[in-house]
Amino acid sequence: MMPSAQQQHERATSEIRRRFGAWLIAGSLAVATGLSALSLGTPTMRAAVATETDAVSYNRLLGRGMNLGNALDAPKEGAWGITLAPGYFSAIKEAGFNSVRVPIRWSAHAGNEPPYTIEPAFFARVDWAVEQALSRGLVAIINVHHNDEIHRDPATGIPRLVALWKQIAAHYRSQPERLYFELLNEPHDQLTDERWQAAIPELLQAVRDSNPDRVVIIGPGNWNDAAHLPALRLPSSDPRLIVTFHYYKPFPFTHQGSPAVRDSGRWRGTVWNGTSEERAQLRNDFDAAAAWAERNHRPLFLGEFGARRDADMTSRASWTRAVAREAERRGFSWAYWEFGSDFGAYDLAARSWHAPLLQALMDRP
Ligand code: BGC
């Protein structure tokens with residue numbers, strides 16, 4: 001389903017261009033600092049080091065996951081063409097995935113002034129989604145997605161986000177431990193690395209007051225860019241944290257034809273052939289992320305990766321396969337972006353998976 005005019009408007013072009021810019025900068029930084037030359041040892045050696053925290057086991061439970069995007073993160077569920085249905089959770093479970101990430105736009109369903117009360121009917125809808133996942137044995141992640149104001153105006157947005165998390169955390173405090181919280185999708189714009197870093201202790205405390213043991217997922221700034229991991233400092237007193245990053249490189253390939261990216265029509269026809277250069281770029285990016293994880297004793301969750309349906313299916317499938325396998329080789333859990341919309345792995349109308357994408361994700365020939 002094509003994004004609505006409102007959706008296109010909301011996904012501000014300037015923001016996406018910034019992400020595209022970050023791709024170029026990150027690529028040159030990795031080369032300049034010689035990260036590509038880092039030797040990280042075999043996957044087995046890495047796993048042995050990583051077992052220092054139980055967050056590693058919780059990360060393993062995430063395993064292979066699917067983002068149920070463009071539903072509860074739309075301005076109103078359904079506005080972007082997807083209304084969650086029980087069959088989607090069943091399809092994900094039956095296909096062999098371990099987890100779902102459910103992006104949620106709480107800010108559209110809460111007061112604008114203190115105490116920023118979340119609408120009970122919206123809580124009920126999220127409760128339903130969580131239950132759909134957990135009752136099928138899937139791990140569920142709920143996050144805060146498209147909280148636009150915090151990126152524009154952190155001074156106003158941070159206290160509101162703290163208030164939202166106090167409510168969300170208290171509401172789900174009795175849920176099984178297979179429900180994980182993710183503090184904020186893709187900090188960017190005015191929510192710089194420094195401001196994001198400064199907000200993390202208060203946000204984490206808002207969760208820990210009612211959920212001392214809940215798994216919490218936190219990502220770096222600049223759209224959860226792995227190149228910004230070095231700016232992320234997490235409290236050593238809190239072991240039950242998983243660190244997330246997103247991967248959409250090469251951006252002109254994954255975002256070709258995106259209504260949200262100005263001039264991305266020019267990228268149509270960009271292919272990904274899995275050349276040695278293309279694969280080396282991917283390995284270098286992931287090696288740098290893995291090196292950070294090892295130094296900081298935190299497991300990594302690749303919370304989003306995907307290529308739009310405008311790209312040809314052969315390229316999409318080979319890129320998806322390569323990214324998923326390189327993630328797994330380094331012990332990263334992952335979640336594909338996304339289930340049934342413009343990056344979709346599942347065809348909602350045909351009620352079936354795009355076979356090449358599912359095979360790529362699940363490592364089937
Ligand atoms: C955003 C989506 C977007 C996707 C790929 C996500 O984090 O929330 O709106 O389609 O990234 O760009």
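In each ligand, atom 1 is the first atom listed, and ligand 1 is the first ligand listed. Throughout, residue positions are numbered sequentially from 1 according to the sequence presented.
Aromatic pair Phe305/His246: ring centres not closer than 6.0 Å.
With sequence neighbours left out, the salt bridge (charged side-chain N to carboxylate O under 4.0 Å, His left out) criterion links Arg214 to no other residue. Legend: residues meeting ring-ring contact (aromatic ring centres under 6.0 Å, His included) with Tyr116, ordered by chain and number and at least two apart, are absent.
When all heavy atoms of Leu183 and Trp165 are compared, the pair lying nearest together is O-NE1, 2.9 Å.
For the ligand labelled ligand 1, residue Glu338 lies outside the 4.0 Å heavy-atom shell. Not a single heavy atom of Trp223 sits less than 4.0 Å from an atom of ligand 1.
The shortest N or O to N or O distance between His255 and ligand 1 is under 3.5 Å. Residue Glu186 has at least one nitrogen or oxygen atom sitting less than 3.5 Å from a nitrogen or oxygen atom of ligand 1, judged on distance alone. Close N/O approach between His145 and ligand 1 is found [any backbone or side-chain N/O within under 3.5 Å]. At a 3.5 angstrom cut-off on N or O pairs, Glu304 counts as close to ligand 1.
Listed by number with element, the atoms of ligand 1 under 4.0 angstrom from any heavy atom of His146 are 8 (O), 9 (O). Under a 4.0 Å criterion applied to the non-hydrogen atoms of Asn185, ligand 1 contributes the atoms 7 (O), 8 (O).
Between Phe245 and Phe332, the ring-plane angle classifies as perpendicular under the 30° and 60° cut-offs.
Heavy-atom contacts from other residues, nucleotides or ligands closer than 6.0 Å to CD of Glu119 number more than 12.
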